[in-house]
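A quick write-up on the structure given underneath.
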2 protein chains.
Amino acid sequence: MKGQDIKNAGLKVTLPRLQVLEFFEKRPGEHFSADDLFTQIRSSSSDIGLATIYRVLNQFEAAGLLIKHQFDNGQSVYELDTGEHHDHMVDVDTGQVIEFFDKELEDLQIQLAKKYGYKLIDHNMVLYVQKEK
Amino acid sequence: MKGQDIKNAGLKVTLPRLQVLEFFEKRPGEHFSADDLFTQIRSSSSDIGLATIYRVLNQFEAAGLLIKHQFDNGQSVYELDTGEHHDHMVDVDTGQVIEFFDKELEDLQIQLAKKYGYKLIDHNMVLYVQKEK
DNA sequence: GTGGGTGCAAATAATTTGCACGGTA
DNA sequence: TACCGTGCAAATTATTTGCACCCAC
């Protein structure tokens, strides 16, 4: 059932938490900022607070339910963690976000870190692209 | 001479601008935040204002003298644009920034964008690493 | 019932902007 | 001298925190 993921994270199953989680589950592969969630959840129903959204997003990120990203525009955005790692391209004209995964790229990064005497912990990679004319 | 780059950018050669540019030129390959510059320039000499630092950094970035980066810690950092593109690794334990360049990685990104029907305009890639024990 | 959770408003942090004064070309 | 540039303080934007009330367990 719905609240199980929340319970597994050691959190009480409350209305705001359910609303945030369902919001992401209904829109797989999409990315939202705290303010997106605040505006949309509030308009469609309850009197949820922006501070609560931020708190819930942080808790869900810590619990591994959501992934946080910082594209080049000041605001952080979140997406559902499906367990399948991928990177992002951002269309500079439309702002559209495209997810992709490339094994060769992943391996290359691990090798690069090793080449400098390090172990790869995480990486952040965004390609800014434009549609070919 | 020193002020030429500033003049070429269509800006007047003023003390704060010279101070910021010289600060970077004396520390090649290093990265600084607006607040780093503010604290260090102010302590060593003049009564430069933080707002001026931000204005000068934005102008220098627009002029191509500096490159702006957003690592995963809220603050933006800047480095001198030497014309030689490179990416960064951040040591998660020490915060140290390591610059690197890998042709294979660059080519792979171009190919990936193309594979999805796009042209690569720019990219942002940071590897978060840890020293191998 | 109790301790965690919530909304609201106030607090922070990073950055930007308005304004009167000051310095460069 | 004309205007751009500057320092300071106030304004913005994104996010966090304090607090009294509320609700899931």
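Residue numbers start from 1 in every chain, and the chains themselves are labelled A, B, ... in the order their sequence lines are given, proteins ahead of strands.
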Show the distances under 3.5 angstrom between N or O atoms of the protein and N or O atoms of nucleotides 1-4 of chain C.
residue : atom : partner : partner atom : Å
C/dG3   : N2   : A/Lys12 : NZ           : 3.3

Regarding B/Arg27 and the six-membered ring of B/Phe24, is the cationic atom NZ or CZ under 6.0 Å from the ring centre and inside 45° of its axis? no

Estimate the overall bend of the helix from C/dG1-D/dC25 to C/dA25-D/dT1 from the end axes over five pairs each, rounded to 10 degrees. 30°

Which of D/dT15, D/dG5, C/dT6 is nearest the side chain of B/Thr14? It is D/dG5

What nucleotide, of D/dG7, C/dT6, C/dC8, holds the atom closest to the side chain of B/Arg55? D/dG7

Going hydrophobic residue to hydrophobic residue with side-chain gaps under 4.5 angstrom, can you get from A/Val92 over to A/Met125? no

Linking I/L/V/M/F/W/Y whenever their side-chain heavy atoms sit closer than 4.5 Å, directly or via other members, would B/Val126 and B/Leu66 fall into one cluster? no

Determine the minimum heavy-atom distance between [X] and [Y], stating which atoms define it.
{"X": "A/Phe101", "Y": "A/His85", "answer": "CD1-O, 3.1 Å"}
{"X": "A/Phe71", "Y": "A/His88", "answer": "CZ-CG, 4.0 Å"}
{"X": "B/Lys119", "Y": "B/Ala113", "answer": "C-CB, 4.4 Å"}

Of B/Gln75 and A/Ala51, whose closest DNA chain C nucleotide lies nearer the 5' terminus? A/Ala51

Please report the distance, rounded to the nearest Å, between [atom1] in [X] and [atom2] in [N].
{"X": "A/Asp47", "N": "C/dT6", "atom1": "CG", "atom2": "C1'", "result": "9 Å"}
{"X": "B/Phe38", "N": "C/dT15", "atom1": "CZ", "atom2": "P", "result": "14 Å"}
{"X": "A/Phe32", "N": "D/dA14", "atom1": "CZ", "atom2": "C1'", "result": "19 Å"}
{"X": "A/Asp35", "N": "D/dT16", "atom1": "CG", "atom2": "P", "result": "14 Å"}
{"X": "A/Asn58", "N": "C/dT6", "atom1": "CG", "atom2": "C1'", "result": "15 Å"}
{"X": "A/Leu50", "N": "D/dT15", "atom1": "CG", "atom2": "P", "result": "9 Å"}
{"X": "A/Arg42", "N": "C/dT6", "atom1": "CZ", "atom2": "C1'", "result": "12 Å"}
{"X": "A/Gln59", "N": "C/dG5", "atom1": "CD", "atom2": "P", "result": "6 Å"}

Counting only side-chain N and O atoms of B/Ser76, is one of them less than 4.0 Å from OP1 or OP2 of C/dT15? yes

Establish, with yes or no, whether the OP1 or OP2 oxygen of C/dT15 is under 4.0 angstrom from a side-chain nitrogen or oxygen of B/Tyr54. yes

A/Phe32 and A/Tyr78: aromatic ring centres closer than 6.0 Å? no

Categorize B/Ile48 for me: base, sugar-phosphate, or nothing, with a 4.0 angstrom heavy-atom threshold over every strand shown. sugar-phosphate

Does A/Ile121 offer a backbone N or O that forms a donor-acceptor pair with the side chain of A/His123 under 3.5 Å? no

If only atom types and distance count, is the side chain of B/Thr52 paired as donor or acceptor with the main-chain N or O of B/Ile48 below 3.5 Å? no

